[in-house]
Amino acid sequence: MPELPEVEIIRGQLARELRGARISSCEVLLPRLVKYPTALGFRRGVRGREVREVRRRGKYLLFALDGDRELVIHLGMTGSLLLLPRGGERPRHTHILFHLEDGRDLIYVDPRTFGETALVRRGDYRSLPCLSRMGPEPLADDFTPSRLAAALRGKCRVKAALMDQARLAGLGNIYADEALHRAGIHPLRRVDTLRGRDVARLHAAVREVLDEALESGGSSVSDYVDLQGERGNFQERHLVYRRAGEPCRACGEIIRRETVSGRGTYFCPCCQK
DNA sequence: ATAGGCCTGACG
DNA sequence: CGTCAGGCCTAT
């Protein structure tokens, strides 16, 4: 799935491309991807609405529509949004189409169908528990090392904490592993063993890796493409993610893979303690 | 705090 | 055939 940098790239493109665009109609080919209200209510609710603003919270895209409705899209693991001229061939795994008045279609494509959409009253996220409990945005100006320290309370493993959206918004498996390597912290470390300097390094590492990924157009490990169908380049700069058996770019030690809280976790046993 | 479920596809 | 996949939810 797109994680924070990839969703942010798509958000920026949507904001530019959809300025003032109006949805003339909507087709839902796979109704279970609509979490709220019903597929019918969703289609009726977006019809005729103008897109006023596109924001992001964690990995969620939030489209402010005229009226007081907000369209919420989460791309799951393999979702993508594509903006195409109307009437062309539909990509495989197309599940939702927003037909725009200007003749373009905004298309939601998702092979694994882990994504979700909803149409809510603005700011009312009760039907989306993860969004309603979302932790702080790591790229916000007010995200300080002490905010990160507060997010790392408890006794869980630091990798699990970084991926917990209620603690910190937007990190997934790739950027959690990459940030931990940059900070020199082992993914299995328990958060209550981290010292002030560890938290400071992790804070810097999280922001740096997200910034660099944004500059590189995001990570395209398998499915990720932007609104124009273009892949990112940051996967070429990954230091650990999916590099098991290869040498660490910092020290030459062999990168290991272990399962941590159910997710494949990549780290350098020499650089990360 | 951790496992299993949801889905399809790529790869060995 | 089995393993691995960028995430979230629900149940223990």
Side-chain angles (χ1 to χ4, degrees), chain A residues 1-10 29-36 56-61 72-81 91-96 108-118 125-135 151-180 187-192 209-210 213-214 216-226 231-245 255-266:
Chain A
M1 182 232 174
E3 303 182 27
L4 188 155
E6 294 78 23
V7 178
E8 179 59 25
I9 289 164
I10 295 170
L29 308 177
L30 189 57
R32 66 178 163 76
L33 293 181
V34 177
K35 302 301 172 185
Y36 188 88
R56 178 192 58 77
R57 184 79 174 90
K59 303 170 197 170
Y60 288 82
L61 289 164
V72 181
I73 299 182
H74 189 295
L75 299 171
M77 294 252 258
T78 54
S80 43
L81 284 170
R92 193 160 150 77
H93 306 297
T94 294
H95 303 309
I96 300 176
Y108 178 72
V109 177
D110 187 0
R112 284 176 77 181
T113 69
F114 282 7
E116 58 187 18
T117 61
Y125 305 133
R126 284 173 296 177
S127 56
L128 301 156
C130 180
L131 180 55
S132 64
R133 289 198 285 266
M134 190 67 63
L152 298 179
R153 275 202 290 261
K155 299 185 169 193
C156 68
R157 317 225 124 129
V158 62
K159 163 81 181 257
L162 289 180
M163 292 186 55
D164 178 352
Q165 303 297 297
R167 293 172 180 265
L168 191 59
L171 287 202
N173 213 27
I174 294 176
Y175 297 107
D177 281 2
E178 292 296 317
L180 286 169
L188 291 174
R189 273 279 286 283
R190 285 167 42 145
V191 291
D192 53 358
V209 78
L210 295 176
L214 275 167
S216 300
S219 297
S220 291
V221 171
S222 52
D223 305 82
Y224 169 70
V225 290
D226 70 13
R231 292 168 55 85
N233 295 311
F234 194 67
Q235 66 281 1
E236 293 159 20
R237 291 166 58 191
H238 289 172
L239 300 179
V240 287
Y241 184 73
R242 287 223 206 174
R243 296 193 62 242
I255 301 298
R256 300 251 308 265
R257 178 190 185 277
E258 279 185 35
T259 299
V260 180
S261 56
R263 311 303 303 274
T265 298
Y266 300 85

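Just so it is clear: chains get the letters A, B, ... in the order the sequence lines come, proteins before strands, and each one is counted from 1.
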Chemist: Could you check whether Glu116(A) gets within reach of a base, just the sugar-phosphate, or nothing at all, counting any heavy atom under 4.0 Å?
Modeler: nothing
Chemist: Between OG of Ser127(A) and NZ of Lys35(A), what distance do you get to the nearest 0.5 Å?
Modeler: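 Here the interatomic distance stands at 11.0 Å.
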Chemist: Taking side chain as C-beta onward, heavy atoms only, is Tyr108(A) less than 4.5 Å from Leu30(A)?
Modeler: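 Of all side-chain heavy-atom pairs linking Leu30(A) with Tyr108(A), none is under 4.5 Å.
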Chemist: So, is His74(A) near the phosphate of dG7(C), with a side-chain N or O under 4.0 Å from OP1 or OP2?
Modeler: no
Chemist: Distance check, rounded to the nearest 0.5 Å: Tyr175(A) atom OH versus Leu4(A) atom CG?
Modeler: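 Here the interatomic distance stands at 9.0 Å.
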Chemist: Rounded to whole Å, how long is the line connecting atom CG of Leu168(A) with atom C1' of dG7(C)?
Modeler: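 In whole Å, dG7(C) C1' lies 15 Å from Leu168(A) CG.
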Chemist: Rounded to the nearest Å, what distance is computed from the CG atom of residue Leu214(A) to the C1' atom of nucleotide dG6(C)?
Modeler: 15 Å
Chemist: Now, which nucleotide makes the Watson-Crick or G-U wobble pair with dT8(B), with each of the two distances under 3.5 Å?
Modeler: dA5(C)
Chemist: Just to confirm, is there a sub-4.0 Å distance from OP1 or OP2 of dT2(B) to any side-chain nitrogen or oxygen of Arg263(A)?
Modeler: no
Chemist: Considering only atom C1', compute the distance from dA1(B) to dG6(C) and round it to an integer number of Å.
Modeler: 22 Å
Chemist: What interatomic distance, in whole Å, is found between C1' of dC1(C) and the corresponding atom of dC6(B)?
Modeler: 22 Å
Chemist: Between Lys59(A) and dC8(C), is there a side-chain N or O to OP1/OP2 distance below 4.0 Å?
Modeler: yes
Chemist: Using atom OH of Tyr241(A) as one end and atom C1' of dA5(C) as the other, report the distance to the nearest whole Å.
Modeler: 6 Å
Chemist: Of all the nucleotides listed (dG6(C), dC7(B), dA5(C)), which has the minimum atom distance to the side chain of Glu3(A)?
Modeler: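 The listed nucleotide nearest to Glu3(A)'s side chain is dG6(C).
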Chemist: Which whole-number value in Å describes the distance from Glu6(A) CD to dG7(C) P?
Modeler: 10 Å
Chemist: Output the rounded distance in Å from CG (Leu33(A)) to P (dT8(B)).
Modeler: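 Whole-Å distance recorded here is 11 Å.
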Chemist: Measure CG/Asp110(A) against C1'/dC7(B) and give the value in whole Å, please.
Modeler: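 Taking atom C1' of dC7(B) as the reference, CG of Asp110(A) is at 9 Å.
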Chemist: Can you tell me which nucleotide in dA5(C), dC8(C), dG7(C) comes closest to the side chain of Arg242(A)?
Modeler: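 Comparing dA5(C), dC8(C), dG7(C) against the side chain of Arg242(A), the answer is dA5(C).
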Chemist: Which label fits Tyr241(A) and His238(A): parallel for a plane angle under 30°, tilted from 30 to 60°, or perpendicular past 60°?
Modeler: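 Correct class here is perpendicular.
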Chemist: Could you give the CZ-to-P distance, from Arg112(A) to dC7(B), as a whole number of Å?
Modeler: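 It works out to 12 Å between those atoms.
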Chemist: If you compare every side-chain N and O of His93(A) against the phosphate oxygens of dC7(B) (OP1, OP2), does one of them come in below 4.0 Å?
Modeler: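 Indeed not, no polar side-chain atom of His93(A) lies that close.
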Chemist: Are any of Arg32(A)'s side-chain N or O atoms less than 4.0 Å away from OP1 or OP2 of dC9(C)?
Modeler: no
Chemist: Does Glu178(A) use its side chain to pair, donor to acceptor, with the backbone of Leu239(A) at less than 3.5 Å?
Modeler: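 Yes; at least one donor-acceptor contact below 3.5 Å.
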Chemist: Taking the side chain of Cys130(A) as its heavy atoms from C-beta onward, which of dG6(C), dT2(B), dC8(C) lies nearest to it?
Modeler: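 So the nucleotide nearest the side chain must be dC8(C).
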Chemist: Heavy atoms under 4.0 Å, any strand shown: does Arg167(A) hit a base, just sugar-phosphate, or nothing?
Modeler: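 Sugar-phosphate: the residue Arg167(A), judged by heavy atoms under 4.0 Å, touches backbone atoms but no base.
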Chemist: Looking only at side-chain atoms of Arg157(A), point me to the closest of dT2(B), dG7(C), dC9(C).
Modeler: dT2(B)
Chemist: Round to a whole Å and report the spacing from CG of Asp192(A) to C1' of dA1(B).
Modeler: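 In whole Å, dA1(B) C1' and Asp192(A) CG are 13 Å from each other.
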Chemist: At under 4.0 Å between heavy atoms, what does Arg257(A) touch on the DNA or RNA strands: base, sugar-phosphate, or nothing?
Modeler: sugar-phosphate
Chemist: Rounded at 0.5 Å granularity, tell me how far CG in Leu162(A) sits from CD in Gln165(A).
Modeler: 10.5 Å
Chemist: With DNA chain C as reference, determine whether Leu128(A) or Ser220(A) sits nearer its 5' end, using the nearest nucleotide of each.
Modeler: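 Upstream on the strand: Ser220(A).
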Chemist: Stacking between dG7(C) and Phe114(A), yes or no? Criterion: centroid separation under 5.5 angstrom, plane angle under 30 degrees.
Modeler: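 So yes, this residue stacks on that base, both cut-offs being met.
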